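Below, chain A is the first sequence line, B the second, and so on; all start at residue 1. On a predicted model such as this, the values are computed, not experimentally measured, just so you know.
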Amino acid sequence: MSAENNRHANPIDEIRFLHEALRTAASQVKQISDQLGTVHSLQGFTLAFTNWITVLIFSMTQQENHVEPSLRYTLSGKNGNLNQTNVNVILALSKVGREEQMSMIEDVFAVLYGEIGDTSPITRTIQHLQRQILAMEIAQTNHLETQDLLIIPILADSMDRIDQLSLLKNLLIDEGSDNRRWIVEWLSEHLDPVSNSALAELESQIEDI
Amino acid sequence: MIHNEIYLDNPIDLMHLVHKAFMAHSVRTENLARDSVDGGDLLAFKESFEQWAKLVRYHMHTEDRYMTTPLVESQSARQNETEHEELREGASNMEGILVGGDTYGLSRYVNAVMQALDEEQHNEFSLSIQEVEKYLKQAIGEERVVARTRRHLYGKAMALRMLEFDHFENEEAFVITQVRENMTVDQQMEIARHLLIDSESENPRWIIDWLFSELDADDRQIISSLESRF
């Protein structure tokens with residue numbers, strides 16, 4: 001099956017756009033944090049960090065509310081390749097990854113708005129920030145890997161195309177926001193032209209659901 | 001730069017040079033950990049870390065014994081000893097990861113996964129740690145398990161380096177100043193001698209050899225001047 005056919009057969013695989021963009025955003029924030037010095041304002045860092053984290057938190061919330069229930073539901077319908085125990089292990093791993101990241105996000109915000117506040121950062125605070133950003137990047141890398149290797153393939157195998165598109169809609173469209181396309185817009189800023197073209201096609205499909 | 005005369009007047013100022021050497025070594029070690037994430041040689045990191053661990057343990061033991069123990073009434077001295085314990089613990093944790101080998105990156109998750117499973121299943125299923133680890137290893141694949149371990153190692157190396165830097169900063173601000181104020185030059189010389197010369201080693205100058213490998217010619221000259229007075 002060609003990649004093009006596969007894309008149409010398993011739209012859930014297109015979650016890679018979100019994962020790629022999250023990795024890129026994390027890498028950019030780490031680069032900015034590595035270059036921070038006591039003479040620098042934290043404004044640029046805070047903007048980039050908040051930009052990344054807003055999407056990350058939305059993504060993790062939607063995973064908890066939509067992806068994991070879909071996985072449970074799908075597998076309760078007797079997937080031949082996995083027993084319930086293994087499913088529970090995968091879900092537990094995903095939950096651990098989410099909780100680890102949420103805790104780290106709180107730690108960074110505590111430094112940004114607690115230790116630093118309105119004053120200029122000192123070397124020690126900057127180093128702690130850099131350490132926490134690296135820890136967050138690592139935690140995200142591990143978590144996305146778990147999604148890519150364990151969860152998405154199961155969903156791709158078990159859900160039909162319409163259900164996959166419906167799930168993707170929950171991950172890419174924020175129905176609770178005034179601007180429901182803000183995730184798609186954020187993705188466009190982090191993807192290359194080829195991926196952006198595929199994303200536009202995907203968006204038109206999920207809007208039809 | 002601090003001039004030679006200052007070091008000769010206050011031998012404890014040698015500490016700034018020792019810290020400088022440690023910082024150079026630690027940054028290099030951390031970079032080796034970072035390189036290992038991208039497929040670099042883990043052995044290079046391991047060797048550099050093991051040398052650091054040996055040096056820092058000797059250094060902290062010597063400081064505890066000859067520098068801070070005599071400062072009986074000093075709260076800063078007690079804090080310094082506590083920070084040494086934290087560094088020893090950090091070094092031991094890193095050694096644990098290295099002993100655990102390339103599967104450590106997964107093993108560290110297994111306990112958390114087990115706990116989440118308990119909450120999830122209400123003991124409906126009974127899985128051993130080994131079963132969970134084996135399943136995850138198969139599901140994720142050896143190569144990615146190795147990558148997770150390397151990433152974890154890098155994070156730990158950076159955290160340990162920062163712990164060390166913070167400690168040096170505290171020590172220089174709160175302890176070294178007290179030593180300068182409260183100890184005679186002879187007492188300071190005695191501390192410096194123990195810091196530089198390991199009398200229980202077959203090669204008592206192994207610390208000086210290492211310092212010479214990390215420091216520039218001016219700094220080496222200061223150390224040589226001090227050594228000539230032992």
**Prompt:** Of the listed residues (B/M162, B/K156, B/M114), which shares the most heavy-atom pairs with chain A below a 4.5 Å separation?
**Reply:** B/M162

**Message:** At a 4.5 Å cut-off on heavy atoms, which part of A/L93 comes close to chain B: side chain, backbone, both, or neither?
**Reply:** both

**Item:** Heavy-atom neighbours of B/E89 CD exceed 12 at 6.0 Å
**Value:** no

**Asked** Any luck finding a side-chain donor-acceptor pair between B/E171 and B/H19 under 3.5 Å?
**Response** yes

**Message:** Looking only at heavy atoms and a cut-off of under 4.5 Å, which of A/L134, A/L149, A/N142, A/V96 has the most pairs with chain B?
**Reply:** A/N142

**Asked** Relative to the ring of A/F49, is the ring of A/W52 parallel (under 30°), tilted (30 to 60°) or perpendicular (over 60°)?
**Response** perpendicular

**Top contributor to chain B interface from A/R131, A/Q127, A/R124 [non-hydrogen pairs under 4.5 Å]** = A/R124

**Prompt:** For A/E185, does the CD atom sit with more than 12 other heavy atoms under 6.0 Å from it, leaving out its own atoms?
**Reply:** yes

**Prompt:** Which atoms of A/Q130 come close to chain B, meaning under 4.5 Å heavy atom to heavy atom: side chain ones, backbone ones, both, or neither?
**Reply:** both

**Message:** A quick test of your reading: do over 12 heavy atoms of other residues, nucleotides or ligands sit less than 6.0 Å from CZ of B/R144?
**Reply:** no

**Asked** For B/Y154, is it the side chain, the backbone, both or neither that has a heavy atom under 4.5 Å from a heavy atom of chain A?
**Response** both

**Request:** Counting only heavy atoms closer than 4.5 Å, note whether A/T123 contacts chain B via side chain, backbone, both or neither.
**Result:** neither

**Prompt:** What residue among A/I12, A/L202, A/D160 forms side-chain contact (heavy atoms from CB on, under 4.5 Å) with A/L165?
**Reply:** A/L202

